[in-house]
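For this chain, numbers begin at 1 and follow the sequence in order. Ligands are counted one by one from 1 in listed order, and the atoms in each one are counted from 1 as well.
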Amino acid sequence: MKKKKTITTAAGIPVGDNQTSLTAGERGPTLLQDHYLLEKLAHFNRERIPERVVHAKAAGAHGILTITGDITKYTKARIFSEVGKKTEMFGRFSTVAGEKGSADTVRDVRGFALKFYTEEGNWDMVGNNTPVFFVRDAIKFPDFIHTQKRVPQTNLRSEVMWWDFWSQVPESLHQVMILFSDRGIPAGIPFMNGYGSHAYSFINAKNERFWVKFHFKTLQGIKTMSQEEADSMVGKDADYHTRQLFEMIERGEYPKWKFSVQVMPEEEAPKYRWNPFDLTKVWPHSDYPLIEVGVMELNRNPENYFAEVEQAAFSPANVVRGISFSPCKMLQARIFAYADAHRYRLGVNYEKLPINRPRVAEVSNYQRDGYMRFDGNSGADVNYEPNSFDGPVEDPAFNEPPLKISGDADRYEQKRGVDDDYIQPGNLYRLMTPEQQKLLINNFASSLKKVPKAIQDKMVAHFSKADKTLGEGVAKLLL
Ligand code: NDP
């Protein structure tokens, strides 16, 4: 029989006894010199790192993106360079509001974060399972998230906070409609769509810019849970979605998504009826149809949850040549906020962790030192630039074309008349089946019953502006 490995201390010193601590006499107190005991307890005390303020509870899996459609006229990103091309990726799928141990089957938006290990660096597509968001300006984001978290006094969640905020921020109505629709509680990660949500840029080989939106549509079909099924599952198996994804992949049932894009030529943006950079709006498919790009498949479970899922760090700032940003105010803020969160959570060298480091691109720069610099810290290489010693240099081929902007620096509220907050929520309501509409109305009413009448009235007014019958339906149930 193969001899088992000997336990060691963190310094590699073999341990003779892992069951009894060193004491002064058989019944005496423990000796301070039992450094193995001290190290074991001290390490245990430090096992937790700060959990994410949002998207703390998640499941993750490895997979492959295979390109099936030619979009090289829009982007020079190598990941899309030819049909049949395969790129390794990792996905992390989360609820938003709950803590790391919270239940999976709750009514909440889901994070849909993808890291593609491309040959020109990692591209992170940090999306959600909905195409829009509650606010279009990041200055409102911390306030909004506070409403989804816990009341300062009681540490309880509060539907009053949700509706108080939403009733005063009409731009949130579109996302609120999706949240309270059947899709607000997916039956599992494989059964929901993913969206990049923001507009991004594509830049082609001629350095022409296009605006783009990313869509990942489930090939398992949309499946949802009723509120009753979801509530009872919280009691039976709070980790239902995490378990379901893991077990499906173990059985070889690999979930797949069809990846498509919507593309808007740069010059159309100023003329388009909607602000295309408003995260509370979609680009209707009739204006910008979906263009097929590829298929994403999740086919390998993590070996270690903490190393791969918890330490995975995604940032919308990670775009590769041929993909770039848009002026979406929420995207602009996320470019800062995500990397900032990871520096706080994991430390300044988080991109060097195995799950985050590029697999097919080389990292060469002049960043050195910092907490937990656990690689060779670039050895004896020169640590400044310019230098005369063969250090890495910039390559202008990776510059992107100038972004056209105009106007005065100021704080602009979006003009409501033109960029109406109610038309798209109304369109969503009107495309639902009568059963979906009924469910939406019931879901709204059962939550709104818990809030003061003045807030109910404001919400009914918003619903009515989206669609008269929706407002009437909710009002009737609140009588
Ligand atoms: P389309 O009829 O072309 O598209 C409707 C879209 O709505 C489909 O992608 C469909 O997804 C999706 N959908 C259906 N039911 C729900 C639901 N309960 N919650 C969320 N999405 C749902 O119409 P438009 O493009 O003109 O959009 C009309 C409305 O559809 C929008 O105002 C928006 O609310 C919603 N929508 C639009 C998207 C877009 O990018 N244009 C994306 C997603 C939603 P599926 O095909 O998977 O059933």
Side-chain angles (χ1 to χ4, degrees), residues 96 107-110 112 125 127-134 136 166 170-200 210-227 230 255-264 268-269 272-293 295-296 326 328 331 419-444 462-463 465-467 469-470 473:
V96 177
R107 185 173 298 287
D108 198 357
V109 171
R110 264 66 185 176
F112 200 96
M125 208 290 319
N128 278 332
N129 73 330
T130 71
V132 294
F133 193 64
F134 297 93
R136 54 174 158 251
W166 291 335
E171 73 205 45
S172 60
L173 183 63
H174 199 178
Q175 178 74 310
V176 171
M177 298 264 301
I178 297 176
L179 181 61
F180 280 81
S181 79
D182 51 344
R183 296 197 188 187
I185 315 179
I189 291 159
F191 307 108
M192 64 189 198
N193 292 341
Y195 303 89
S197 306
H198 308 282
Y200 286 85
F210 300 84
W211 304 116
V212 60
K213 290 227 189 197
F214 302 116
H215 298 254
F216 292 79
K217 282 213 182 194
T218 169
L219 290 174
Q220 290 67 241
I222 296 274
K223 286 193 193 145
T224 62
M225 285 178 126
S226 70
Q227 188 70 56
K256 295 185 185 65
W257 285 262
K258 185 172 172 187
F259 177 23
S260 308
V261 289
Q262 289 178 289
V263 174
M264 179 188 291
E268 288 181 18
Y272 190 44
R273 67 168 298 207
W274 306 108
N275 171 359
F277 312 120
D278 173 353
L279 188 55
T280 66
K281 304 274 162 46
V282 295
W283 300 353
H285 293 132
S286 49
D287 294 342
Y288 295 98
L290 294 176
I291 301 167
E292 177 185 331
V293 178
V295 173
M296 180 180 84
S326 80
C328 171
L331 173 60
D419 253 313
D420 173 280
D421 286 323
Y422 300 100
I423 293 176
Q424 292 200 358
N427 290 344
L428 175 63
Y429 179 74
R430 289 181 286 272
L431 71 76
M432 290 179 178
T433 63
E435 291 75 40
Q436 287 174 314
Q437 292 180 340
K438 195 164 163 238
L439 186 82
L440 178 72
I441 290 172
N442 282 336
N443 287 339
F444 276 149
H462 292 313
F463 295 145
K465 282 189 194 168
D467 192 283
T469 58
L470 170 63

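- No part of Met177 comes within 4.0 Å of ligand 1, judged by heavy-atom distances.
- Here His174 has side-chain heavy atoms under 4.0 Å from ligand 1, and that is the only part of it that gets that close.
- The ligand atoms of ligand 1 that sit less than 4.0 angstrom from a heavy atom of Asn193 are 47 (O).
- Proximity to Met432 (heavy-atom distance under 4.0 Å) selects the following atoms of ligand 1: 18 (N).
- Close contacts of ligand 1 with Gln262, meaning ligand atoms under 4.0 Å from a residue heavy atom, involve 40 (O).
- In this structure, Ile185 and Thr224 have side chains that are not in contact, with every pair of non-hydrogen atoms separated by 4.5 Å or more.
- Here the heavy atom of the protein found nearest to atom 10 (C) of ligand 1 is Arg183 NH2, 3.9 Å.
- You'll find the side chain of Trp166 reaches within 4.5 Å of the side chain of Leu179, heavy atoms only.
- Using the six-membered ring where Trp is involved, Tyr288 and Tyr272 have ring planes that are perpendicular, over 60° apart on the 30 and 60° scheme.
- Between Tyr195 and His215, the ring-plane angle classifies as perpendicular under the 30° and 60° cut-offs.
- Closest to atom 40 (O) of ligand 1, if we only count protein heavy atoms, is His215 CE1, 3.2 Å.
- Here the side chains of Pro186 and Asn129 are in contact, with some heavy-atom distance below 4.5 Å.
- The protein atom (non-hydrogen) at minimum distance from atom 35 (C) of ligand 1 is Leu428 CD1, 3.9 Å.
- A heavy-atom separation below 4.0 Å is not found between Lys281 and ligand 1.
- Every atom of ligand 1 with a heavy atom of Gln424 under 4.0 Å away is listed here by number and element: 32 (O).
- With rounding to the nearest 0.5 Å, the separation of CZ in Arg183 from CD1 in Ile222 is 4.0 Å.
- Residue contact check: Trp283 has heavy atoms under 4.0 Å from atoms 39 (C), 40 (O), 41 (N) of ligand 1.
- If you look at Pro284 next to ligand 1, the close heavy atoms, those under 4.0 Å, come from the backbone and the side chain alike.
- Donor-acceptor pairing under 3.5 Å is recorded for the side chains of Asp467 and Thr469.
- The aromatic rings of Phe112 and Trp257 lie perpendicular to each other, with more than 60° between the two planes, well past the 30° mark.
- Atom 46 (O) of ligand 1 has as its closest protein heavy atom Lys217 NZ, 2.6 Å.
- When hydrogens are left out, the protein atom nearest atom 28 (C) of ligand 1 is Leu431 CD2, 3.6 Å; that is the closest non-hydrogen contact.
- Remark: ligand 1 atoms within the under-4.0 Å shell around heavy atoms of Asp182 are 18 (N).
- Scanning the protein for heavy atoms near atom 31 (C) of ligand 1, the closest one is Val282 CG2, 3.6 Å.
- With Arg110 contributing its side chain and Asn193 its backbone, the two residues share no donor-acceptor pair below 3.5 Å.
- Rounding to the nearest 0.5 Å gives a distance of 4.0 Å between CZ of Phe277 and CH2 of Trp211.
- Contact annotation for Val132 and ligand 1: no heavy atom of the residue comes within less than 4.0 Å of the ligand.
- Listed by atom number, the atoms of ligand 1 under 4.0 Å from Pro131 heavy atoms are 42 (C), 43 (C), 44 (C).
- For the pair Pro255 and Thr218, the minimum side-chain heavy-atom distance is 4.5 Å or more.
- Atoms CG and NZ, from Asn275 and Lys281 in turn, are 7.5 Å apart once rounded to the nearest 0.5 Å.
- When hydrogens are left out, the protein atom nearest atom 6 (C) of ligand 1 is His285 CE1, 4.1 Å; that is the closest non-hydrogen contact.
- Residue contacts with ligand 1: Tyr195 is included, with a non-hydrogen atom under 4.0 Å away.
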